[in-house]
Amino acid sequence: MKRFFTILWYVLTLRCEEADRLRAVTPRSDLTWWQKLGEGLHVIGCRSCWNARRNFQQLHQISLHASQHEAEEVPATLTPDAKQRLRDALRSKLND
Amino acid sequence: MAEQDDNLSQSPAEQAERWINEHGDALFGFALRRLGKAEDAEDAVQETLLGALQSQAGFREEAAERTWLIGILRHKIFDALRKRSSEQARLERIREQAGETAECFQGGYWRERHNQWSHSAENLMASQEFRAFFQQSIDELPDTLRLVYCLRELDGLDSETICEILGVSQTNLWTLMHRAKIQLREKVAQWQEE
């Protein structure tokens, strides 16, 4: 019974920051049922959180796309010196 | 297929040279984003190429060579991160960052009304300019936030594994992930306003 009231209190008093923190968790299966319920109920009554949830969903889609193309789009490059160091180190280890 | 045969007939030194030229930059960029230091990223690439030379039998034709090399690199990066997580000062810094309050909130509520983005994710990703901006935004995140974001969202690791690699609790991980996503969400919103 005490647990029921604890969960009820959590769900009813969930603030925007905590709701947003829960929304940032992926996958959703990492959350407990009462966390999902609390966030879901909070979003119904809070326009900003509704928008924030939508934006996080879009961010997740963008990240998914970025992860698939990361190897082609990462801007950093090895300097010529670094390439030479890499060649020398590999050559020396191959000769060992 | 002929190209595959040519590659297999190369000496290890020739093979390594070709990998450095064809994939060196991509491997280095991938490692640098996660490890944060050029020196550490170079070491990880070096170990990856050595590992790849020793286990070429594991390379399947259907897998792109770069994908295979990145698979090996990922494990080298995770090993390096595991070693780092034992550094107490680093751990404390992570916990400190997890304890900070996000600027967009005050007393647990939004400081200002939060608006929905004007563009959809599909439209944004169709723009090459946006894709470059997004990659740069990830790179500009503070070290810990970038790392947590990369491990979860780009590498797809589960929370338990990330906590084990970084030596943090799940609560800390969620908070750090929240901070990273807030910063990216704000950057994307600013990009759309410009």
Side-chain angles (χ1 to χ4, degrees), chain A residues 13-27 29-31 35 46-96, chain B residues 12-13 16-17 20-21 24-30 32-33 38 41-42 45-46 49-50 53 66-67 70 101-102 105 107-110 113-117 120-122 124-125 131-132 134-136 138-139 149 152-156 158-159 170 174-175 177-178 180-182 184-185 188-189:
Chain A
T13 61
L14 195 70
R15 293 179 181 193
C16 299
E17 186 172 10
E18 175 64 3
D20 203 49
R21 197 176 71 96
L22 296 177
R23 273 192 289 279
V25 175
T26 51
S29 55
D30 278 2
L31 299 175
Q35 285 171 324
C46 177
R47 190 70 197 169
S48 282
C49 280
W50 179 274
N51 291 337
R53 178 203 260 192
R54 176 85 186 115
N55 291 346
F56 265 166
Q57 285 168 345
Q58 302 222 61
L59 184 65
H60 182 65
Q61 284 176 34
I62 291 170
S63 304
L64 206 62
H65 186 281
S67 74
Q68 286 159 357
H69 298 89
E70 192 189 3
E72 295 99 58
E73 294 181 349
V74 166
T77 50
L78 275 167
T79 60
D81 281 355
K83 277 190 182 170
Q84 195 51 50
R85 273 199 301 277
L86 204 52
R87 279 186 197 106
D88 294 345
L90 285 171
R91 213 169 286 144
S92 121
K93 290 206 172 159
L94 286 170
N95 290 336
D96 283 348
Chain B
E17 178 67 28
I20 291 171
N21 291 332
D25 289 341
L27 295 175
F28 175 71
F30 191 91
L32 183 62
R33 175 169 282 173
E42 271 180 52
V45 173
Q46 185 187 315
L49 296 183
L50 263 179
L53 286 170
R66 184 173 295 180
T67 310
I70 282 185
T101 307
F105 296 102
Y109 297 98
W110 294 97
R113 186 189 157 90
H114 189 89
N115 294 317
Q116 215 176 105
W117 294 346
S120 69
E122 292 79 17
L124 289 170
M125 290 316 283
R131 290 201 303 272
F134 190 69
Q135 295 285 354
Q136 194 192 335
I138 295 174
D139 291 335
Y149 183 81
R152 179 71 206 97
E153 293 290 306
L154 303 183
D155 295 333
D158 58 60
S159 306
Q170 194 175 56
W174 285 6
T175 308
M177 180 58 94
H178 185 212
K181 286 189 172 182
I182 285 176
L184 288 175
R185 185 170 63 190
V188 173

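Computed over heavy atoms, backbone and side chain alike; hydrogens, waters and symmetry mates excluded. So you know, we letter chains A, B, ... as the sequences are listed, proteins then strands, and number each from 1.
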Residue, of Leu78(A), Thr26(A), Ile62(A), Asn55(A), that accumulates the most heavy atom pairs under 4.5 Å with chain B: Asn55(A)
Find the one option among Gln61(A), His65(A), Gln57(A) whose heavy-atom pairs under 4.5 Å with chain B are most numerous. His65(A)
Please determine, among Asn115(B), Leu53(B), Leu27(B), the option with the most heavy-atom pairs under 4.5 Å with chain A. Asn115(B)
Tell me, side chain or backbone of Leu50(B) under 4.5 Å from chain A's heavy atoms, or both, or neither? both
Max heavy-atom pairs within cutoff under 4.5 Å with chain A, candidates Arg113(B), Gln46(B), Met125(B), goes to Met125(B)
Looking only at heavy atoms and a cut-off of under 4.5 Å, which of Gly156(B), Ser120(B), Ala41(B) has the most pairs with chain A? Ser120(B)
Looking at Arg131(B), Arg152(B), Gln170(B), which one has more heavy-atom pairs under 4.5 Å with chain A than the rest? Arg152(B)
Would you mind checking which part of Arg87(A) comes under 4.5 Å of any heavy atom in chain B, side chain (CB onward), backbone (N, CA, C, O), both or neither? both
Closest non-hydrogen atoms of Glu42(B) and Ala82(A), given as atom of the first, atom of the second and distance, are OE2-CB, 3.6 Å
Relative to chain A, which of Phe134(B), Tyr109(B), Trp110(B) shows the most heavy atom pairs under 4.5 Å? Trp110(B)
Top of Ala16(B), Gly107(B), Ala13(B) for chain A proximity - count of heavy-atom pairs under 4.5 angstrom: Gly107(B)
Euclidean distance, Phe30(B) CZ relative to Glu70(A) CD, rounded to 0.5 Å: 5.0 Å
Please check if the side chain of Arg21(A) supplies one atom and the backbone of His178(B) the other of a donor-acceptor pair under 3.5 Å. no
I need the Ser67(A) OG to Asp155(B) CG distance, nearest 0.5 Å. 8.5 Å
When only pairs under 4.5 Å are counted, which of Arg23(A), Glu18(A), His60(A) shares the most heavy-atom pairs with chain B? His60(A)
Cut-off 3.5 Å, side chains only: do Glu17(B) and Asn21(B) have a donor facing an acceptor? yes
Cation-pi check, Lys181(B) onto Phe56(A) ring (under 6.0 Å, within 45° of axis): yes
Given a strict heavy-atom distance threshold of 4.5 Å, which part of Leu32(B) is in contact with chain A: side chain, backbone, both, or neither? side chain
Close side-chain approach of Arg33(B) to Gln135(B), heavy-atom, < 4.5 Å: yes
Between the main-chain N or O of Cys16(A) and the side-chain N or O of Asp20(A), is there a donor-acceptor pair closer than 3.5 Å? no
